[in-house]
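Here's the structure we're looking at; comments come further down.
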Amino acid sequence: MTLEKNYNPADIETRHYKAWEDSGVFGCGLTRAPGSQPSGDPFTIVIPPPNVTGSLHMGHALNNTLQDILIRYNRMKGRDALWQPGTDHAGIATQMVVERRLAEQGVEIDRGLPPSKDGNTLIDRDTFIDKVWEWKAESGGTITGQLRRLGASCDWARERFTMDEGLSRAVRKVFVELYRKGLIYRDKRLVNWDPKLHTAISDLEVEQREVTGSMWYFKYPIEGAENKYITVGTTRPETMLGDTAVAVHPDDERYRDLVGKNVVLPLADRPIPIVADEYSDPEKGSGAVKITPAHDFNDFEVGRRHDLPMIDIFDESGFLNENVPESYQGLDRFVAREKVVEAMDSLGLLEKIEDNPMTVPYGDRSGVVIEPRLTDQWFVDTKTLAEPAIRAVEEGTTKFVPRHWENTYFEWMRNIQPWCISRQIWWGHQVPAWYGPDGEVFVAETEEEAAQAAAEHYGKTTGVTRDTDVLDTWFSSALWPFSTLGWPDETPEVARYYQTDVLVTGFDIIFFWVARMMMMGLHFMGSVPFHTVYIHALVRDEHGQKMSKSKGNVLDPLDLIDEYSADSLRFTLTAMAAQGRDIKLATGRIEGYRNFITKIWNAARYAEMNGCRPDPAFDPADCSLTVNRWIVGAAAETEAKISAALEEFRFNDAANAVYQFAWHSFCDWYLEFTKPILSGDDEAAKAETRAATAWALDQILLLLHPISPFVTEELWEKLAPAGGRAGPLITSSWPSIPEAGGTAEAAEEMGWVIRLVSEIRGVRAEMNVPAGAKIPLRVQGASGRTNERLSRHEELILRLARIDSIGPVEGDVPKGAVQVVVDEATCFLPVGDVIDIAQEKDRLAREIDKIGGEISKLEKKLGNENFVSRAPEEVVQENRDRLAEFARSREKFQEALTRLSAL
RNA sequence: GGGCGCGUAGCUCAGCGGGAGAGCGUUCCGUUCACACCGGAGAGGUCGCUGGUUCAAUCCCAGCCGCGCCCACCA
């Protein structure tokens with residue numbers, strides 16, 4: 001029963017987690033056993049689903065700590081809390097991982113090409129998919145296990161996976177419905193092509209990197225004119241083999257005569273036209289620009305306007321294909337680049353080369369340069385879907401916290417481009433489209449339906465083949481807030497928990513995920529998926545660098561949990577989660593908050609050792625002792641602060657409030673104040689104080705629980721009242737502290753004691769009075785109230801300020817005494833030979849000087865007529881009071897100085 | 001090019017119209033019976049710069065300087 005001297009978090013944390021999970025307290029109302037359902041309104045959060053094969057990083061730790069705080073807080077408030085967990089199949093990322101693992105075993109997927117290495121085996125699509133599921137079975141529990149270790153109180157019974165049958169059905173239904181409404185369509189367009197992954201990717205998956213490249217200037221000979229050239233600049237020389245025009249500005253005098261003529265494209269030896277197009281900027285380069293419609297987004301538009309041929313010169317791996325001269329065929333694009341430059345140079349057609357700072361598109365997964373490529377792909381008409389999603393945020397139906405992220409959302413949504421959703425990979429939701437023999441497309445939820453539609457179309461039964469593409473992972477993620485609840489079925493969960501309440505996520509996926517959930521939620525459910533989007537910061541290293549493996553500055557949350565405890569890590573992340581700023585995480589901070597957890601543990605040990613056990617009969621509104629009324633009032637204030645902070649997502653304020661109350665108010669002062677009572681012989685006072693101590697500690701456990709659930713649950717259990725607790729802390733009610741009479745007076749009175757003790761301690765230290773030495777305290781000019789307080793708190797003043805006796809100044813003021821001023825009273829501390837007169841005079845003079853500074857500032861302010869007449873009355877009065885206070889205290893110090901000088 | 005954010009104590013950061021704050025670090029003192037992962041006391045800041053608004057500006061506005069990020073473009 002007795003608490004161990006040292007707190008051992010590891011065992012305790014895993015034990016409580018298991019007990020919570022086994023007892024079903026994480027469950028929402030609909031998954032709880034009958035009779036144990038919460039009566040309050042639902043409070044729902046859907047987890048940002050981590051990659052099923054991933055592992056917990058610091059971003060997850062922050063993200064899930066904040067969600068868990070909201071869930072635990074609302075659960076304690078009596079809400080029917082649902083934290084819907086699950087994982088994401090992460091199409092490209094997972095496929096890459098599994099392919100890499102297979103490669104180690106000499107296995108690769110059959111892309112219709114020979115094996116890349118001799119002796120490698122090729123596997124077909126079905127076999128590969130089986131391998132991915134195997135890998136999922138093997139590693140899929142890792143991250144959910146780690147979330148458990150962190151303390152995440154998810155409703156695990158409801159765990160979902162984006163490739164579950166139910167969620168897959170939701171994907172198919174959404175695809176079919178959007179297709180039928182014309183909001184999904186197939187089109188041959190220029191898309192971002194990843195030559196390493198052999199798939200199209202969306203604009204968002206392209207990362208622009210700053211590099212210093214080169215600008216090559218080529219001379220293209222004018223057809224039928226000797227030694228006449230037009231110069232074009234390019235950053236990608238190899239694409240010239242796919243040029244189908246040169247464009248000049250229609251108003252550009254230099255080239256006016258050439259428009260309509262041809263140049264002979266060198267190397268390829270093709271005549272291509274010189275066209276006039278406003279895309280060409282006379283200020284840039286030579287003013288003439290080569291046009292490669294199949295490999296550049298701008299050139300593509302120019303090509304459309306002038307009906308130019310589109311020559312695709314690359315294969316799916318970025319090697320040159322049969323559309324280029326034979327000597328270039330089969331070359332890698334960067335090899336071809338060098339060869340083109342060499343060839344042009346040897347023909348005398350390379351005018352110059354310049355360094356050129358530029359941004360180059362890279363695939364965010366593959367890390368290779370993206371090639372715009374003309375292919376057939378599936379697109380979502382996001383422009384149409386975005387409209388209601390923009391309106392919802394404009395109208396405040398969904399709010400972002402911090403608010404400024406709404407700008408980011410608006411900017412992207414108002415300029416949204418069609419979303420390319422098809423991927424030429426194998427792992428993911430296969431596009432529910434089938435093709436007839438002539439290429440006619442039949443979109444349907446099942447093959448049977450597609451076959452039937454085909455039969456009707458052709459007037460006879462015929463075979464259909466399924467589209468081999470899969471959908472962008474984010475397509476299924478976009479449905480997450482309702483697909484996880486059972487949609488498209490009309491489940492009780494959908495009815496009760498949609499719309500959800502808060503989405504907690506990082507700013508890096510506002511476009512990828514938040515925006516798309518808004519669009520899909522509004523379209524399919526008719527309402528926004530959440531009323532609040534809380535955007536948290538990025539966790540960086542202590543120097544503000546992004547954590548990355550290559551920099552070696554990664555802090556692994558699991559390591560930190562092992563070293564310090566989950567409670568400590570959670571508290572640290574919470575205390576640092578101020579809005580709108582990145583978190584620079586130093587292990588020193590975690591250590592500091594680990595100490596806080598230990599402090600709580602020790603305070604509980606103290607309470608236990610002193611028989612401070614929660615008393616169900618204790619009424620915090622009815623304490624007879626000032627010190628107890630004081631702690632009750634302070635607890636009430638803290639509860640109000642924390643509740644307000646959590647309602648407004650000011651997590652750091654909540655953490656700091658409980659820290660301040662627990663460590664400073666409770667441990668530093670209250671426990672010290674009450675020691676004389678507990679060791680005294682007033683049984684009634686003792687009983688009340690024991691109960692009050694236990695009660696205050698309980699409030700700390702309750703208030704701290706959402707942030708640091710483990711140590712609080714452990715202490716809650718260990719510090720149970722004689723009859724035991726009604727239930728675990730996790731399902732206990734959030735404190736609602738009754739209005740108690742006299743708390744303001746108690747706060748004022750104990751504040752005075754704190755001032756007095758602090759003043760005395762201060763001068764003792766400054767005057768080098770030995771810490772162990774007890775000295776008398778003689779008070780002059782004390783009011784009746786002060787005398788009352790001195791006697792009421794005599795014992796604790798003796799103890800805390802190391803005083804041996806308290807009394808009034810009798811006769812002459814003590815010689816060789818240090819003096820402090822507290823309100824109207826001057827306190828003399830005769831320290832005998834210890835005092836150094838010169839040093840004390842110096843101290844007093846400095847004090848007077850400091851106060852003098854404040855006084856002159858205030859006098860100047862109050863002397864300003866404009867201030868007195870225009871500032872609010874209470875502000876003026878406040879300043880007058882402060883001035884009077886300073887003046888009185890300066891006077892006391894002045895007197896003290898005079899007395900010393902007279903010695 | 002467009003947008004967003006940030007410059008406050010040695011470090012990391014709160015505060016954001018009326019008395020400059022916290023944690024860590026640092027200095028001094030202290031191991032008495034919850035805790036040295038502790039207790040007590042202290043030092044440390046022209047709140048980036050320059051103007052403006054206001055009775056009053058770290059806080060609001062403008063400009064500048066320095067950092068970071070996002071989006072777009074790039075012949």
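This structure is a prediction, so every number in the text was calculated from the model and none was measured. Below, chains carry the letters A, B, ... as their sequence lines are ordered, and counting in each starts from 1.
- Residue A:N595 places at least one side-chain N or O under 4.0 Å from the OP1 or OP2 atom of B:C38.
- Using a 4.0 Å heavy-atom distance criterion, A:H249 is classed as making no nucleic acid contact.
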Between N or O atoms, less than 3.5 Å apart, protein on one side and nucleotides 9-13 of chain B on the other: list the pairs.
from, atom 1, to, atom 2, distance (Å)
B:U12, O2, A:R589, NH1, 3.2
B:C13, OP2, A:K584, NZ, 2.9
B:C13, O3', A:R581, NE, 3.2

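- Looking at heavy-atom distances under 4.0 Å, A:W663 makes contact with sugar-phosphate atoms alone, never a base.
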Using nucleotides 25-33 of chain B, report all nitrogen or oxygen pairs with the protein that are shorter than 3.5 Å.
none

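- In terms of the ring-ring contact (aromatic ring centres under 6.0 Å, His included) criterion, residue partners of A:Y593 (sequence neighbours excluded) are, by chain and number, A:F571, A:Y659.
- The side-chain contact (heavy atoms from CB on, under 4.5 Å) test applied to A:E207 returns A:R209, A:D364, not counting sequence neighbours.
- For A:T674 (side chain) and A:Y670 (main-chain N/O), a donor-acceptor pair under 3.5 Å exists by modelled atom type.
- Checked by atom type and distance alone, the side chain of A:S214 never pairs as donor or acceptor with a backbone atom of A:W216 at under 3.5 Å.
- Looking at A:P9 and A:V711, their side chains never come closer than 4.5 Å, going by heavy atoms from C-beta outward.
- Between the side chain of A:R882 and the base of B:G19 there is at least one donor-acceptor pair of N/O atoms closer than 3.5 Å.
- Across B:G3, B:A34, B:A14, the shortest atom-to-atom separation from the side chain of A:N652 is found for B:A14.
- By the side-chain hydrogen bond (donor to acceptor under 3.5 Å, both in side chains) test, A:Q819 is found to be paired with A:R899, residues two or more places apart in sequence or in another chain being considered.
- Between the side chains of A:Y217 and A:E354, at least one donor-acceptor pair of N or O atoms lies under 3.5 Å.
- Counting non-hydrogen atoms under 4.0 angstrom, A:K861 reaches the backbone sugars and phosphates but no base.
- Partners of A:D849 according to the side-chain contact (heavy atoms from CB on, under 4.5 Å) rule, which considers only residues two or more places apart in sequence or in another chain, do not exist here.
- If you check every strand for non-hydrogen atoms under 4.0 Å, A:A288 touches a base.
- A close approach under 4.0 Å does occur between a side-chain nitrogen or oxygen of A:K5 and OP1 or OP2 of B:C35.
- With sequence neighbours excluded, the residues that form a side-chain hydrogen bond (donor to acceptor under 3.5 Å, both in side chains) with A:R236 are A:E371.
- Within 4.0 Å (heavy atoms only), A:V232 reaches no atom of the nucleic acid at all.
- At a threshold of 4.0 angstrom between heavy atoms, the contacts of A:G762 are confined to the sugar-phosphate backbone, with no base atom among them.
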Return all side-chain donor-acceptor pairs below 3.5 angstrom for residues 852-869 of chain A, not counting sequence neighbours, or 'none' if the list is empty.
from, atom 1, to, atom 2, distance (Å)
A:S856, OG, A:G852, O, 3.2
A:S856, OG, A:G853, O, 3.1
A:N864, OD1, A:N866, N, 2.9
A:S869, OG, A:E865, O, 2.9
A:S869, OG, A:N866, O, 3.3

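- Scanning for side-chain contact (heavy atoms from CB on, under 4.5 Å) contacts around A:A603 gives A:F666, A:C667, A:L671, with sequence neighbours left out.
- As judged by a 4.0 angstrom heavy-atom cut-off over every strand, A:A586 is placed among residues making no nucleic acid contact.
- B:A14 atom P lies 17 Å from atom OH of A:Y659, rounded to whole Å.
- If A:N864 and A:L204 are placed on RNA chain B by their nearest nucleotide, the residue sitting closer to the 5' end is A:N864.
- The residue A:R605 sits close only to the backbone: its heavy atoms come under 4.0 Å of sugar-phosphate atoms, none of a base.
- Heavy atoms of A:Q208 sit under 4.0 angstrom from at least one base atom.
- No engagement by A:Y409 is indicated, since no non-hydrogen atom pair under 4.0 Å with the nucleic acid exists.
- Counting any heavy atom pair closer than 4.0 Å across all strands shown, A:S286 reaches no nucleic acid atom.
- Listed by first and then second residue, the salt bridge (Lys or Arg N to Asp or Glu O under 4.0 Å) pairs involving residues 403-413 of chain A are A:R403-A:E406 (not counting sequence neighbours).
- Qualifying side-chain contact (heavy atoms from CB on, under 4.5 Å) partners for A:H306, counting only residues two or more places apart in sequence or in other chains: A:V275, A:D277, A:V302, A:L308.
- Nearest nucleotide to the side chain of A:T598, out of B:C69, B:G18, B:C37: B:C37.
- Base-pairing analysis of RNA chain B finds the following stems of at least three consecutive Watson-Crick or G-U pairs, with both pairing distances under 3.5 Å: B:1-7 with B:65-71, B:10-13 with B:21-24, B:26-30 with B:38-42, B:48-52 with B:60-64.
- Residue A:K675 is in base contact, counting any heavy-atom pair closer than 4.0 Å across all strands shown.
- The residue A:D668 sits close only to the backbone: its heavy atoms come under 4.0 Å of sugar-phosphate atoms, none of a base.
- Among the heavy atoms of the strands lying under 4.0 Å from A:E672 is at least one base atom, whether or not backbone atoms are also near.
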